[in-house]
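Indexing begins at 1, ligand by ligand and atom by atom, following the structure's order. Start at 1 with the first residue, then count along the sequence.
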Amino acid sequence: MAVPNLPDRYNASTTFIDANLEAGRGTKAAILYGDQALTYNDVAAMVNRTGNALVKLGVQMEQRVMLLLLDSPEFVASFFGAIRMGAVPIPTNTLLRSPDYEYLINDSRAVALIVSEPLWANIEPIRAKLKWLKHVIVVGKNPEGTLNYADWIKNESDQLTPADTLRDDACFWLYSSGTTGFPKGAVHLQHDMVYCAENYARGVLNINENDRTFSVAKLFFAYGLGNGLYFPFYVGGTTILYPNRPEPKPIYEVVTKFKPTLFFCVPTAYAGLLAVEDTAAYNLSSVRLCVSAGEALPKALYDKWLSKWEVEILDGIGSTEILHIFISNRAKEARAGSSGKLVPGYEARVADENDQALPQGEVGNLLIRGDSTCAYYWNKHSRTKETIVGEWIRTGDKYMIDNDGYFWYQGRSDDMLKVGGIWVSPVEVEATLISHPSVLECAVIGLMDKDELIKPKAYVVLKQGVVPTPELESELKVFVKDKIAPYKYPRWLEFVNELPKTATGKIQRFRLRQAEASKS
Ligand code: 3UK
């Protein structure tokens, strides 16, 4: 096993909080957040106060606590505070819409929700429909019927003995979306974070206590949670947290001001950063390594970044189910356009449709074995069995391994799109478009933009008598943006007379993809 032996009785908060105090880092900065600097002592006290406040509310071991939080010290304290008292936090995407939250909160049966004030507006209209939710705690100004986070923890003790959890107990969940159906809650165990921190963060990035991390990907993503929280806390480093929308200029400003040594981003945001023309005021000289994940990093972006900022981007592939990156490029050995080589602690198999291993050099389905894989999907037995096969997990990705052991991404085996590093289901976008009174039918596929990054394109057949106009095109895009998470809207929309279909009437997205490919 590629991680330190953990005792049977183990609570993950001890590795990421207590160990830093024991190592004498109590007065060292753990979190930089605007003009605040929180030491490891401050963080430990806040974690324990939050844990004690949850105990006082009557939250029990194994019960879920939903976190709808911007990147902030409160996120950190809620996440580790819940783990410490034995509850199971669920960091949740802050970019979704009320119906999404209604599903997630009811599906998880969370008994408590900790929410940032600006996000409360998504919860208020559905509050009455949340069957199991007993307590709402708001970070910031709180409406009636909810608790105010700062007041809630103020008088609690800053000491809390960790709950008597086991190494293999549930620790936290992360929801992941699929092509059809609702998102699935991936149940991660107490030992998963330490596995990723040791094998990827230490093994590949060589992270150490002098590192300062800044993750453009937010903490609610599996990617951001490692980058911006449990990686730096594993080695007693410092994390820079930024609560706002990660637009290119503010990202550059944060990097210039707070001087991270490790910078984590997604390809779409690298493209956005490279599109900023005047960067004279910005300085990236503190950064020793840049990391990219979430979607494949095109070689052109790697090259442009290297020549502009003289620092490499290490592309690596991870997933919510495996928790973090399991194949990655290494410093000074990166092959642009590839995902790199296996991370220690993980094994890979490239197989055909019958799960038979393929000869090296052929394209097939990627399966991974490693001990950070989630135990199962909550309430979703068939989906669990389709995805997790004994010790192996199907990633849903197509890969080819070259002679030197580098892995080359070849696309998905389903129709799912990664847009700006976040899942978009074409089926959900299509269903939304069809709910517009002018639309008869439609199909959505992924198309490459000028940076070779995938964005959704919709083909729309209008109802009889409806005239296709540029105004209607804009109206339909806005319609989607208003109904579902805005990053899912089609960047291009083409009106067509008919869609390619099978004899049984199923829309053939692959024929649309082929038609687009033959255009270029
Ligand atoms: C795709 C990539 C090519 C691939 C993630 C780092 O993205 C993460 O998790 P998700 O569950 O998505 C997983 C899927 O995204 N993908 C991710 N990275 C790459 N494709 N090259 C890449 N470098 O389809 C994968 O199956 O949202 C990323 C760390 C933790 C993560 N959860």
> With Phe172, which residues qualify under ring-ring contact (aromatic ring centres under 6.0 Å, His included), at least two apart?
Replying inline: Phe79, His188

Report each N/O pair between ligand 1 and the protein that falls under 3.5 Å, naming both atoms.
from: ligand 1; atom 1: 7 (O); to: Lys418; atom 2: NZ; distance (Å): 2.9
from: ligand 1; atom 1: 9 (O); to: Thr320; atom 2: N; distance (Å): 3.4
from: ligand 1; atom 1: 11 (O); to: Thr320; atom 2: N; distance (Å): 2.9
from: ligand 1; atom 1: 11 (O); to: Thr320; atom 2: OG1; distance (Å): 2.5
from: ligand 1; atom 1: 12 (O); to: Lys418; atom 2: NZ; distance (Å): 2.8
from: ligand 1; atom 1: 15 (O); to: Lys418; atom 2: NZ; distance (Å): 3.0
from: ligand 1; atom 1: 16 (N); to: Gly294; atom 2: O; distance (Å): 3.4
from: ligand 1; atom 1: 18 (N); to: Gly294; atom 2: N; distance (Å): 3.0
from: ligand 1; atom 1: 21 (N); to: Ala296; atom 2: N; distance (Å): 3.3
from: ligand 1; atom 1: 23 (N); to: Asp315; atom 2: OD1; distance (Å): 2.7
from: ligand 1; atom 1: 23 (N); to: Gly316; atom 2: O; distance (Å): 2.7
from: ligand 1; atom 1: 24 (O); to: Asp397; atom 2: OD1; distance (Å): 2.5
from: ligand 1; atom 1: 24 (O); to: Asp397; atom 2: OD2; distance (Å): 3.4
from: ligand 1; atom 1: 24 (O); to: Arg412; atom 2: NH1; distance (Å): 3.2
from: ligand 1; atom 1: 26 (O); to: Asp397; atom 2: OD1; distance (Å): 3.4
from: ligand 1; atom 1: 26 (O); to: Asp397; atom 2: OD2; distance (Å): 2.5
from: ligand 1; atom 1: 26 (O); to: Arg412; atom 2: NH1; distance (Å): 3.2
from: ligand 1; atom 1: 27 (O); to: Lys418; atom 2: NZ; distance (Å): 3.0
from: ligand 1; atom 1: 32 (N); to: Ser319; atom 2: O; distance (Å): 3.3
from: ligand 1; atom 1: 32 (N); to: Thr320; atom 2: N; distance (Å): 3.1

> Quick one: ring-ring contact (aromatic ring centres under 6.0 Å, His included) pairs with a partner in residues 312-344, sequence neighbours left out?
Replying inline: Tyr200-His324, Tyr223-His324, Phe231-His324

> Is the count of non-hydrogen atoms from other residues, nucleotides or ligands lying under 6.0 Å from Lys418 atom NZ greater than 12?
Replying inline: yes

>> Measuring centre to centre across the rings, with the benzene-like ring taken for any Trp, is Tyr399 within less than 6.0 Å of Trp408?
In response: no

> Any Lys/Arg nitrogen of Arg335 or Asp404 sitting under 4.0 Å from an Asp/Glu carboxylate oxygen of the other?
Replying inline: yes

> Which pairs, with at least one residue in residues 217-246 and sequence neighbours excluded, count as a salt bridge (Lys or Arg N to Asp or Glu O under 4.0 Å)?
Replying inline: Arg245-Glu247

